[in-house]
Amino acid sequence: MITAEDITRRSAIAEYQVVGRPPETDLESLVHLAAAMCDVPTAVINIIDDRFQHQIAAVGLEPASCSREDSMCAVVFQQRVRTIVSDARQDPRFAANPFVTGELANVRFYASSPLITPDGVPIGTLCIFDDRVRELSPEQGKALDLLARQVVDVLELLRLTHELGQSNEQLAQFAGQVSHDLRNPLMAVSGFLELATDSPEMVNAPHAAKALARAESAADRMAAMITDLLDFARIGGARPRRVPIDLEPLVSSVVEDLDATITSTGATVEVDTRLQVHGDETLLRALLQNLIANAVKFSAAAGVVPHVLVQAERVSAGVLVAVEDNGPGVAPEQRERVFDLMERAAGSEVAGLGIGLSTCRRIVEAHGGRIEIDESGLGGASVWFLLPDARSAG
């Protein structure tokens, strides 16, 4: 009968995705090391579920599977302690086992250390054995325990790698769907703007024509951002393009795109960024747009007329860019937490999902830089990021 422990163990084993697959190189290295350190011809990593024992890496034999009833390790692995048997023929737990009697092997010396997951679930053993009677020194026993823990560490790394791969794939799919959903209405808006721009009435309405031209430029920039941010999501933010970028016109275009928000709040935005940086223009545009928009909306939500200062200065490690505001600021104990995905400052009533600063950190770190929050001389928050020079960014 399958027990609740068996179900838990089966689930834990499934997360590692090692059963039924070729041995992982790191696991093979550990069994070779175990055999060498304990001076035995055979070492095996056994994964034990409710029905079978699976040898997922071995030295001295070809990895295979057998029924749990025939397994020597299945007898002891749930005891969670090292087992050492000098002569298995003299041990009532193993004397009739087919690995001892000659039916499957002629094991005499046997030793194993359990494999226990970080959640405390025993899933198998790191096992060594020999066809002659022998002993294991205390130092060798401790080494076997240590290597067993290393096996679990490797399994955990494999699990996290699989999860990260799935997460990145899901992120790319999500980004693809979002970009598709955004492109459709954006194309419609661009189409209507084009029709309006070509309308004969615009000849006698220069101010309207100028506003439409600005709207068309903003729509074109948004379309480019959607495409480039999708590419960024697909590659996991690992390889942004790095080209020389003049900050002043980039920040000015961001402020222009935020004109509606700035005008509706009565905000003033001062810009002092006459420097050049190396980076991905689309990503840095998204970064600056996020930071400036946050500075305006959080200041307005605090009941003050927003005053935002965007400035850049060259430092020894690169270019430091700061976006400062006169809003409520961010308490020191919250300054790291607000960079987590879906987190927002405590007590914030400003609408939004709170994904902005997480995205900002991802963009900055992809450029080899760092981003932090401090107090602003304007009385609110100063969100600054450091972009390293092209040489130090690698």
Side-chain angles (χ1 to χ4, degrees), residues 2 4-38 40 42-68 71-74 76-83 111-129 142-174 233-239 340-341 362 365-366:
I2 298 178
E5 289 186 1
D6 289 332
I7 295 174
T8 301
R9 183 175 303 107
R10 182 194 293 173
S11 176
I13 292 170
E15 290 184 356
Y16 293 127
Q17 300 184 39
V18 290
V19 173
R21 300 191 177 189
E24 294 285 340
T25 301
D26 290 342
L27 296 179
E28 286 188 317
S29 297
L30 288 173
V31 293
H32 278 273
L33 186 58
M37 294 186 69
C38 296
V40 294
T42 308
V44 182
I45 297 174
N46 291 314
I47 299 296
I48 303 170
D49 59 27
D50 54 292
R51 297 177 59 197
F52 297 102
Q53 170 183 276
H54 307 277
Q55 297 172 340
I56 62 170
V59 59
L61 54 79
E62 283 296 316
S65 297
C66 69
S67 69
R68 179 166 168 163
S71 167
M72 296 177 69
C73 292
V76 295
F77 81 108
Q78 294 186 74
Q79 297 176 6
R80 301 170 180 263
V81 294
R82 184 196 324 147
T83 299
S112 67
S113 287
L115 306 178
I116 301 174
T117 72
D119 292 330
V121 180
I123 58 170
T125 65
L126 172 59
C127 166
I128 58 173
F129 52 89
K142 291 178 181 178
L144 188 64
D145 289 342
L146 176 61
L147 290 173
R149 291 194 290 272
Q150 291 296 310
V151 169
V152 175
D153 288 344
V154 171
L155 292 175
E156 281 293 302
L157 181 60
L158 291 172
R159 179 182 65 80
L160 292 173
T161 300
H162 293 317
E163 289 182 358
L164 180 60
Q166 292 175 346
S167 176
N168 285 342
E169 183 179 350
Q170 291 170 358
L171 175 61
Q173 292 174 351
F174 173 74
R234 282 175 170 161
I235 65 174
R239 299 182 299 277
D340 294 337
L341 189 65
R362 188 175 176 209
E365 291 182 347

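Small disclaimer: the values here were computed from a predicted structure and weren't measured.
- Side-chain contact between Leu155 and Thr117 is absent, with no heavy-atom pair separated by less than 4.5 Å.
- With a 4.5 Å cut-off on side-chain heavy atoms, Val151 and Leu147 do not count as touching.
- The distance from atom CD1 of Ile123 to atom CD of Gln78, rounded to the nearest 0.5 Å, is 12.0 Å.
- Ser67 meets the side chain to side chain donor-acceptor pair (under 3.5 Å) test with Asp70; sequence neighbours excluded.
- Distance check: Ile45 CD1 to Ile56 CD1 gives 5.0 Å after rounding to the nearest 0.5 Å.
- Among pairs with a residue in residues 45-63, those fulfilling salt bridge (Lys or Arg N to Asp or Glu O under 4.0 Å) read Arg10-Asp50, at least two apart in sequence or across chains.
- Nearest approach of Ala148 to Leu126, heavy atoms of both residues: N-CD2, 3.7 Å.
- Closest heavy-atom contact between Pro122 and Gly120: CD-O, 3.5 Å.
- Taking CE of Met72 as the reference point, atom SG of Cys127 lies at 7.0 Å (rounded to 0.5 Å).
- For Ser65, the side chain to side chain donor-acceptor pair (under 3.5 Å) partners two or more places apart in sequence, or in a different chain, are His54.
- Between Pro63 and Val44, the closest side-chain pair of non-hydrogen atoms is not below 4.5 Å.
- Formation of a donor-acceptor pair under 3.5 Å by the Arg68 side chain with backbone atoms of Ile48 is not found in this model.
- Scanning for side chain to side chain contact (heavy atoms under 4.5 Å, CB included) contacts around Asp145 gives Arg82, Ser113, Arg149, with sequence neighbours left out.
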**Request:** Might you work through the side-chain contact (heavy atoms from CB on, under 4.5 Å) test for Ser112 and Val76, ending with a clear yes or no?
**Result:** CA-CA 9 Å; Ser112 67; Val76 295; 3.9 Å; yes
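- Nearest heavy atoms, Leu115 versus Ile47: CD1-CD1, 4.2 Å.
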Could you tabulate the donor-acceptor pairs under 3.5 Å formed by side-chain atoms of residues 24-34, not counting sequence neighbours?
from, atom 1, to, atom 2, distance (Å)
Ser29, OG, Thr25, O, 3.1

Would you list the atom pairs, donor with acceptor, under 3.5 Å between side chains in residues 11-22 and any protein atom, with sequence neighbours excluded?
from, atom 1, to, atom 2, distance (Å)
Tyr16, OH, Glu156, OE2, 2.5
Gln17, OE1, Arg21, NH2, 3.3

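- Side chains of Gln53 and Phe77 form no contact here, defined as non-hydrogen atoms less than 4.5 Å apart.
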